[in-house]
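Below is one structure, written out as structure tokens, with a few remarks after it.
For ligands, and for the atoms within them, numbers begin at 1 and follow the listed sequence. In this chain, residues are counted from 1 in sequence order.
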Amino acid sequence: MTHDPHAALSPDTLAVTAGRPARVQGGPVNPPVVLSSTYVSEGVPAPGELLYARGGTETWVPFEEALAALEGGGHGIVFGSGIAAIAATLGDVPDGGAVVVPRHAYQVSLGYLDDMAARHGVEVRRVDVADTEQVVAALDGADLLLAESPTNPMLEVADLPAILAAARERGVRSVVDNTFATPLGQQPLALGADLVVHSVTKYLAGHSDVVLGAVVTNDPELAASVRAYRTLHGAVAGPLEVFLALRGLRTLHLRTERANANAAELARRLAEHPAVAEVRHPSLPSDPGHERATRLMHSYGAVLGLRAHGGVAAADAVVAALRLWVPATSLGGVESTLERRRRFTTESVTVPEDLLRMSVGVEDVEDLWADLDQALSRA
Ligand SMILES: *Cc1c(COP(=O)(O)O)cnc(C)c1O
């Protein structure tokens, strides 16, 4: 079930128009924000009636509709964080079940799965998601595939159509974390995924001012069970945050266009910098993910991996010498940020210790470059 009124519109137009109130004389152009924990209700409630804001609020709906339209899905379900959304999609994995996940997935997703392993005997099969044969072999007898492409922070690119088809053939439910690519970079539901999850915190909201998540699916039964999980676990979003996320979503195409272009240009220049040992970005013809990303995605995204000559000390010196780039975790905001991922003891040990993950923002590329160049030259 697609979002019919918008079926013929381009994604850039949908980002601006989806989820608007009905066009009526004197009506608002933007949906109202309703701050109310409870709703007037007497007697036996009708199905779907608003009762209490843990179960549903009208302020969630426009954002959910807009994101669903962008993902080509029938049902959008907003959550209080990306991890809450991911947890909801894992809710049906039985005790003693098996989950396939990229070894370089988002570290808290891996942490959540480790917790499921410890407390519910779930077998976590960590794979190199770029190795299609390895993923397909791991799917045998599994209950769920939680895929990421490109991965965080290694930027490996999966053959999503191939692994999602393999999951479907084996009756394995598939979830794609589309945080890095955004729906403008790829639409996993059209590629065969059962569910898409987002950290809305990142590109969708885009201004580093909210923590939110979302699930999108075309399957009404899955949508109902994910919604029920949200209510039961109280994993709900605040109305003001959802309003900010919808406001951010309106410029998703403009922000990502600039950030993606900046990232590709910086990757190209960094690859030639004498202080640089390795750059990872799928835009680079030499990148292992380049061919696949070119074939399967609409853009290469705006996250870079960087290793300077000189290991951890040089990486930390680069971060310390930067003036414009902000040292901070997270990604997908308008401002450029970076961090050495292995500063977290929980990051996968197969991520190089000196890898800097860089989230390229929408500043002028020459200013970003000048700052990087001076920091690399000093480090
Ligand atoms: C940040 C992130 C998450 C977690 O989302 P939160 O909103 O921080 O809970 C999940 N997946 C990816 C790829 C992320 O980058």
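- Less than 6.0 angstrom separates the ring centroid of H290 from the ring centroid of Y300.
- Not a single donor-acceptor pair under 3.5 Å links the side chain of R280 to the backbone N or O of L306.
- Distance alone, capped at 3.5 Å, places no donor-acceptor pair between the R247 side chain and the A205 backbone.
- Distance check, rounded to the nearest 0.5 Å: OH of Y229 to CG of L90 gives 8.0 Å.
- Atoms of ligand 1 found under 4.0 Å from any heavy atom of I86, numbered from 1 in the order shown, are 10 (C).
- Looking at I83 next to ligand 1, an N or O pair under 3.5 Å apart turns up.
- Contact between H281 and A263 at its shortest, heavy atoms only, is NE2-CB, 3.8 Å.
- A salt bridge links R230 to E64: one of the charged nitrogens lies within less than 4.0 Å of a carboxylate oxygen.
- Judged purely by atom type and a 3.5 angstrom limit, T13 has no side-chain atom pairing as donor or acceptor with the backbone of L9.
- When only non-hydrogen protein atoms are considered, atom 5 (O) of ligand 1 lies nearest to S199 OG, 2.9 Å.
- Within the 4.0 Å heavy-atom cutoff, V200 does not count among the residues contacting ligand 1.
- The proximity of V108 to ligand 1, defined as any non-hydrogen pair under 4.0 Å, does not occur for either the backbone or the side chain.
- Of all atoms in ligand 1, listed by their number and element, those nearer than 4.0 Å to a heavy atom of G82 are 5 (O), 6 (P), 7 (O), 9 (O).
- Which parts of ligand 1 touch N152 is read off a 4.0 Å heavy-atom cut-off, strictly below it: atoms 15 (O).
- Interface of L212 with ligand 1, defined as ligand atoms under 4.0 Å from a residue heavy atom, comprises 7 (O).
- Taking any N or O of F180, backbone or side chain, none lies under 3.5 Å from an N or O belonging to ligand 1.
- Considering backbone and side-chain N/O atoms, E148 never comes within less than 3.5 Å of an N/O atom of ligand 1.
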Point to revise | side-chain hydrogen bond (donor to acceptor under 3.5 Å, both in side chains) evaluation trace for T179 with D177 | key: CA-CA 6 Å; T179 301; D177 183 334; 2.6 Å; yes
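- Without hydrogens or angle criteria, D371 side chain to R323 main chain gives a donor-acceptor distance under 3.5 Å.
- In terms of polar-atom proximity, S109 is not counted as a contact of ligand 1, lacking any N or O under 3.5 Å from an N or O of the ligand.
- Residue-ligand proximity: V197 is placed with every non-hydrogen atom at 4.0 Å or more from ligand 1.
- Among protein heavy atoms, the minimum distance from atom 1 (C) of ligand 1 is reached at K202 NZ, 1.4 Å.
- Side chain of T151 to main chain of P153: no donor-acceptor pair is present (N/O by atom type, distance under 3.5 Å, no hydrogens or angles).
- The protein non-hydrogen atom at the shortest distance from atom 4 (C) of ligand 1 is Y106 CE2, 3.3 Å.
- For atom 13 (C) of ligand 1, the nearest protein heavy atom (residue, atom name, distance) is D177 OD2, 3.4 Å.
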